[in-house]
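All chains are named by letter (A, B, ...) in the order of the sequence lines, taking the proteins before the strands, and each is independently numbered beginning at 1.
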Protein chains: 2
Amino acid sequence: MKVVAGVDIGGTNTKIGLVNEDGKIFKHTRFSTVACGTYEVFIDKIGSEIRNMLEIDQELGGIGIGAPNGNFFSGAVEFAPNMPFKGLLPIRDSLQKSFDCPIVLTNDANAAAVGEKLYGGAKDYNDFIVITLGTGVGSGIYCNGQLVYGHDGFAGELGHVIVFPGGRLCGCGRKGCLEPYGNERGIQQTFNELKTLYPNSSILQESAINAKVIATHAHQGDKLGIEVFKKTGEYLGFAFANFMAFLSPKAIFLYGGISHAGELLRQPLIAEMERNMLNIFQNKLEICFSELPDDDSAILGAAAMVG
Amino acid sequence: MKVVAGVDIGGTNTKIGLVNEDGKIFKHTRFSTVACGTYEVFIDKIGSEIRNMLEIDQELGGIGIGAPNGNFFSGAVEFAPNMPFKGLLPIRDSLQKSFDCPIVLTNDANAAAVGEKLYGGAKDYNDFIVITLGTGVGSGIYCNGQLVYGHDGFAGELGHVIVFPGGRLCGCGRKGCLEPYGNERGIQQTFNELKTLYPNSSILQESAINAKVIATHAHQGDKLGIEVFKKTGEYLGFAFANFMAFLSPKAIFLYGGISHAGELLRQPLIAEMERNMLNIFQNKLEICFSELPDDDSAILGAAAMVG
């Protein structure tokens with residue numbers, strides 16, 4: 001049986017899935033990216049995990065990899081601010097030394113967009129954007145039915161569009177990018193900015209506060225939690241109005257842990273987006289949640305790119 | 001002999017060219033859009049001008065139209081803030097009543113991009129943007145070698161990306177769009193903001209001050225004029241750094257009257273763009289001037305779209 005390995009590299013965790021010829025993930029694993037310590041250990045870990053997952057009767061037909069700042073053309077991760085390993089990481093070439101199957105690498109959000117197009121909610125859409133909200137804020141863009149790479153393989157860095165000039169410091173070293181308003185750390189910063197206004201919030205009793213904890217309390221009616229996602233939705237909505245003026249997509253899909261805030265995020269996002277939308281674009285752009293599980297979309301998309 | 005009429009509708013002037021089968025404009029005319037007074041007179045004027053230009057041995061093979069806020073799908077100009085006629089203008093259908101040849105309408109900046117791709121400096125580029133700097137700020141985008149329309153035909157409204165939130169009032173009614181920093185009126189506003197700092201500027205002796213007059217003095221060394229285009233270049237450069245993070249084009253082509261400021265505009269533009277560029281995109285994006293004459297690019301592109 002021929003299988004493809006889909007690898008979803010994240011700044012925090014790396015997930016691997018074995019995908020069969022029907023495009024179904026039949027085996028899953030994950031490990032901590034950070035805990036690998038060095039790039040060399042990380043590469044060995046990907047290789048050994050894939051080998052361990054394969055059964056005796058399974059032939060590896062290829063490896064598809066989605067990674068932050070991953071470049072389809074070069075096969076490398078280049079200067080990803082949210083990766084624990086710095087500089088230029090030639091992941092495709094490093095893995096190719098111990099695998100003789102085809103290996104394809106792209107941006108993790110591009111892989112998620114391919115997954116959404118082939119297996120998720122974007123099947124019927126030719127123009128759409130997937131925004132990943134996690135350790136970073138990434139994006140994959142489809143235009144005229146094709147994934148957009150740009151001239152150098154790096155198109156779609158929407159987390160690094162400067163939306164609020166002079167605003168929050170981003171991991172990339174610049175100020176006012178979308179990322180520090182929409183990623184895990186951004187949610188925590190918004191929480192810290194708002195918490196003194198809600199001294200009775202149940203969230204303040206928690207020992208470890210992250211987006212997931214805030215969302216859980218918000219879903220139970222906690223006003224501070226609700227306000228954190230309202231503010232986050234408004235930041236995203238303001239940015240999305242600009243994204244519309246650029247490519248006029250039919251839909252933007254939200255993907256990743258933070259999107260689990262659901263309507264608490266989506267409703268204020270849509271309201272702020274429409275408030276800032278150029279008249280010809282009003283009431284046209286759909287805001288959707290990814291229809292694939294968090295662990296699956298980028299794995300499936302990366303695997304599908306091996307072809 | 002079969003010819004195609006290319007029509008470049010602008011908020012101020014409308015230009016028409018007859019294009020032969022070799023893609024050459026062999027006859028030109030222009031008239032004032034504003035002076036037409038009403039939409040009906042304007043449509044009649046386009047029709048009569050085309051008919052007047054045709055010689056007895058010439059057969060009209062089609063009409064290609066570029067217009068602000070022009071929509072390829074609907075053939076209409078929809079709510080263009082810089083047009084003297086308001087609301088929805090069904091130009092293609094209006095003209096079709098008196099012409100039985102194929103008629104195609106698109107955004108004027110899209111037409112300029114097609115012209116640049118087929119006949120200008122973008123022949124070898126698959127990913128590029130044309131920015132038109134005139135009465136408005138428009139754009140045409142190529143991605144993967146294809147013109148980008150978006151899901152509704154309105155993609156590429158880069159003049160209406162909010163680059164400076166809370167900034168200058170735009171003709172669209174919102175604040176901080178790129179347009180009021182890069183269009184004719186924007187240049188005049190920048191001039192007015194700076195003029196008290198340069199009381200000895202020779203420009204202040206002029207009775208009518210517009211971008212062309214300011215550029216003429218700037219090229220002669222006038223410090224106020226130089227500063228106006230430096231500031232304008234910086235506004236554009238800041239925006240272009242964001243455009244790069246979106247689609248990573250190989251080049252941005254500047255087109256239209258204001259781009260004639262030349263290096264006075266381009267050098268500060270590049271400096272500010274690189275200062276604000278995400279590291280992976282630094283020193284990659286070419287800033288070029290359109291290689292086609294102002295009157296030709298949109299006419300040729302619009303005519304070429306008739307096919």
Between A:Phe154 and B:Phe281, how do the two ring planes meet: parallel, tilted or perpendicular, split at 30° and 60°?
-> perpendicular

Less than 4.5 Å apart, any side-chain heavy atom of A:Phe246 and any of B:Val148?
-> no

Which atoms of B:Leu147 approach chain A - backbone, side chain, both or neither, heavy atom under 4.5 Å | backbone

Quick one: which of A:Cys143, A:Pro165, A:Ala239 has the most heavy-atom pairs under 4.5 Å with chain B, could you say?
-> A:Pro165

Residue part contacting chain B, namely of A:Asn279, when any heavy atom lies under 4.5 Å = side chain

Name the option with the most non-hydrogen atom pairs under 4.5 Å to chain B; the candidates are A:Ile141, A:Asn276, A:Leu285, A:Asn69.
-> A:Asn276

From B:His151 atom NE2 to A:Lys284 atom NZ, the distance as rounded to the nearest 0.5 Å | 5.5 Å

Examine whether an atom of B:Leu278 lies under 4.5 Å from a heavy atom of chain A, and if so say whether it belongs to the side chain, the backbone or both; otherwise answer neither.
-> both

Contact origin within B:Asn71 toward chain A - heavy atom pairs under 4.5 Å = neither

Step-by-step side chain to side chain contact (heavy atoms under 4.5 Å, CB included) determination, A:Leu247 to B:Leu247 | CA-CA 10 Å; A:Leu247 288 184; B:Leu247 289 184; 3.9 Å; yes

What part of B:Phe238 is in contact with chain A, defined as an atom under 4.5 angstrom from a non-hydrogen atom: side chain, backbone, both or neither?
-> side chain

4.5 Å side-chain heavy-atom contact, B:Ile280 and A:His160 | no

